[in-house]
Amino acid sequence: MELEQTLAKYFGYTTFRPGQREVIEAILAGKDGIALLPTGMGKSLCYQLPGYILQKPVLIVSPLLSLMQDQVEQLKRIGEKRVVALNSFLSLTEKRYALHFLEQYRFIFTSPEMLLQQQVQEKLAKMELSLIVVDEAHCISQWGFDFRPDYLRIGEWFSQEKRPPVLALSATATQKVVNDIRTTLSLHAPFEFMYNVDRPTISLGRVVFADRADKAKWILQHIKETAGPGILYMSSRKRAEQYSEAFTQAGLRVAAYHAGYGAEDRQFIQQQFIDGELDWIVATNAFGMGINKSDIRQVIHETMPANVANYMQEIGRAGRDGEPALAILLYCDGDEELAKFVVTGDLPSASHVDRYQELVRQQVQPSNMLKNGELSETAFRVLAYWSQKESVEQVKARLNQLVLEKYQAVDEMLKITQTKDCIRTQLVGYFGQKLQEKPENCCENCGIHYDEINTERLKEEKKVEMIPWESRLKQLLIGF
DNA sequence: CGTAACCCTGATAACAGGGTTACGGTGCGTTATT
């Protein structure tokens, strides 16, 4: 059957979106692949369609439980019953059942951590898969080395034996991230499809402040006077809460969001935002992955993110409906120091490496280190991962290297806050691409026509405030 | 590592300036308590 016929039969579409056909054909030809497609451009179809053609299960490794649930629901909505999310939401009985009948499912979603459990591994060893998908594959690079080491173990697992094609999917990935994906997954001459990373409808604003108080004043004013829906990214949980409270007191529909809240609260806030009951989310970088909201008009960074990849990922949440949107990066001297601390603050130290080895030598459980609270659970897991693989000296060198790389990544982001050249050109450059065409309201340095837009806005105001979102965008562009 | 908020001191009134302290992100799975 032709691909189009299968597409129509299962998904009801008549044509493919850019890249989908190429990626699917490569997979069907047995090749590995890396596909970078913006959210909303049908990434998941790249594995769902092959799932219907290759009559064996597709395994999808996903970073978040909520993401898995969404994907499962989405598939069930189009009538697919043979789909399962193998994760800790399942009770022991449910998990046993799912594992027992695992080969019967068409789509199996799971986390890296669950995938690597012995019982899952044993089951998978007896099964034949048609395809392994690593969804949101930038997580390998973003999390694998110092946060969720199991992201690195995915590649170790299937590199050793005969395996089906592997497809890595992500919205955006810098050159470094693509390299990390390729090497840690040991992809064999992968087919690579990279959609244009530039999002011409997002204007790239930037405001530099003399001190923090000025910045705070600007934020308070800006949020009060401009329209959402928007995300205000903060670099600390506490500040997210403080700002959120200030806005709430000013009568705005705002909520804070960070990983300190329980899963239910987070789900609730996210849903309120999606449903339009909240205009602003004041969040840490915990917010965003898997958010399906097309009309986000603004993404503001109170402090710069830790690297360019994260920045692109975060601003890319704006304007998915194709209508104009605005990203504003705020900077104040010294902001990079906080970013540097935050990204390296929880790494194990050289003395931790020594102590780990010492405990192993004495045949004491290294996890005893956790009892007196000298390092976090995350730091311990990272330490354990590397210590099991490498010598004490190698681990120390690796950790030092990691710190250096993280600092460099922050410095690259810092350049964007300081450049006098076109921000868009520079940003796109980090993704190995060349800017095709500058949009009219390109960036702070090329000139965003705030004045023009402001005048229009005034004219607009004299008429009526009825044109739903056009007038909102104009409102949104004041405050400069 | 750097910042901000806090406290203390000195010398007799308000407050400058030194010292101290608290604070800073991301998620899985499992297990022991409410």
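Reminder, nothing fancy here: chain letters follow the sequence lines and each chain counts from 1.
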Checklist entry - Taking atom types as modelled, is there a side-chain donor on A/R206 or A/N445 under 3.5 Å from an acceptor on the other? => result yes

Next on the checklist: Between A/K126 and A/E103, is the salt bridge (charged side-chain N to carboxylate O under 4.0 Å, His left out) condition met? List the steps.
Outcome noted: CA-CA 9 Å; A/K126 288 184 244 158; A/E103 63 278 349; over 6 Å; no

Item to check | Atom-pair distance (CE on A/M304; P on B/dG25), nearest Å | outcome: 15 Å

Checklist entry - For A/F341 and B/dG24, are the ring centres under 5.5 Å apart with planes inclined under 30°? => result yes

Checklist entry - Which is true for A/K238 with a 4.0 Å heavy-atom rule: it touches a base, it touches only sugar-phosphate, or it touches nothing? => result sugar-phosphate

Item to check | Pair pattern of DNA chain B in dot-bracket, where unpaired bases get dots and | marks partners in another strand, Watson-Crick or G-U under 3.5 angstrom | outcome: ((((((((((....))))))))))..........

Checklist entry - In whole Å, what separates the P atom of B/dG17 from that of B/dA11? => result 15 Å

Next on the checklist: From CD1 of A/I154 over to C1' of B/dC28, roughly how many Å is that when rounded to an integer?
Outcome noted: 12 Å

Nucleotides 2-4 of chain B: which of its N/O atoms have a protein N/O under 3.5 Å away?
unit_1	atom_1	unit_2	atom_2	d
B/dT3	O3'	A/R212	NH1	3.3

Next on the checklist: Under 3.5 Å, is there a donor on one side chain and an acceptor on the other for A/E73 and A/Q69?
Outcome noted: no

Item to check | Heavy-atom side-chain contact between A/L204 and A/I202 under 4.5 Å | outcome: yes

Checklist outcome for this item: Between CG of A/L414 and P of B/dC1 the distance, given in whole Å, is 18 Å

Item to check | Cation-pi check, A/R398 onto A/W386 ring (under 6.0 Å, within 45° of axis) | outcome: yes

Checklist entry - Below 4.0 angstrom from OP1 or OP2 of B/dT30, is there any side-chain N or O of A/Q117? => result yes

Item to check | Atom-to-atom span, OH of A/Y261 to P of B/dG27 - whole angstrom | outcome: 14 Å

Checklist entry - Does the B/dG27 base have a donor-acceptor partner in the side chain of A/S111 within less than 3.5 Å? => result no

Checklist entry - Roughly how many Å is it from CG in A/N285 to C1' in B/dT26, rounded to a whole number? => result 5 Å

Checklist entry - When we call it a touch if two heavy atoms are under 4.0 Å apart, what does A/R239 touch: a base, just sugar-phosphate, or nothing? => result nothing

Checklist entry - Please give, in whole Å, the distance from B/dG27 P to A/D346 CG? => result 13 Å

Checklist entry - Hey, are A/Q117 and A/Q121 close enough side-chain-wise for a donor-acceptor pair under 3.5 Å? => result no

Checklist entry - Do the side-chain N and O atoms of A/Q71 and A/D135 include a donor-acceptor pair separated by under 3.5 angstrom? => result yes

Checklist entry - Can you tell me if A/S141 and A/H138 form a side-chain donor-acceptor pair at under 3.5 Å? => result no

Next on the checklist: I want to verify a distance call: between B/dG25, B/dC28, B/dG29, whose nearest atom is closest to the A/R148 side chain?
Outcome noted: B/dC28

Item to check | Pi stacking test for A/W143 and B/dT26: under 5.5 Å apart, planes under 30° | outcome: no

Next on the checklist: Can you see if the side chain of A/R266 gets near the phosphate of B/dG27 - specifically, an N or O under 4.0 Å from OP1 or OP2?
Outcome noted: yes

Checklist entry - What does A/T378 touch in the nucleic acid at a heavy-atom separation under 4.0 angstrom: a base, only the sugar-phosphate, or nothing? => result base

Checklist entry - Within the structure shown, what part of the strands sits under 4.0 Å from A/R381 by heavy-atom distance: base, sugar-phosphate, or nothing? => result base

Checklist entry - Looking at B/dT30, B/dG27, B/dT26, which one has an atom nearest to any side-chain atom of A/S88? => result B/dT30

Next on the checklist: Of the options B/dG27, B/dG25, B/dT30, whose atoms approach the side-chain atoms of A/E113 most closely?
Outcome noted: B/dG27

Next on the checklist: Classify A/P63 by what it touches in the nucleic acid, base, sugar-phosphate, or nothing, heavy-atom distance under 4.0 Å.
Outcome noted: sugar-phosphate

Checklist entry - Run the ring-ring contact (aromatic ring centres under 6.0 Å, His included) check on A/Y257 and A/Y261 step by step: do they pass? => result CA-CA 7 Å; A/Y257 183 103; A/Y261 297 131; 7.5 Å; no

Checklist entry - A/N87 CG to B/dT30 P: how many Å, rounded? => result 10 Å

Checklist entry - How would you label the contact of A/D150 with the nucleic acid (heavy atoms, under 4.0 Å): base, sugar-phosphate, or nothing? => result nothing

Checklist entry - What residues, two or more places apart in sequence or in another chain, satisfy ring pair (Phe, Tyr, Trp, His ring centres under 6.0 Å) together with A/F247? => result none

Checklist entry - P atom, B/dT21 versus B/dG25: distance in rounded Å? => result 22 Å

Next on the checklist: Can you see whether A/E94 engages A/S91 through a side-chain donor-acceptor pair at a distance of less than 3.5 angstrom?
Outcome noted: yes

Checklist outcome for this item: Between CG of A/L64 and C1' of B/dG29 the distance, given in whole Å, is 14 Å

Checklist entry - If you measure from the P atom in B/dT26 to the same atom in B/dA22, how many Å do you get, rounded? => result 22 Å

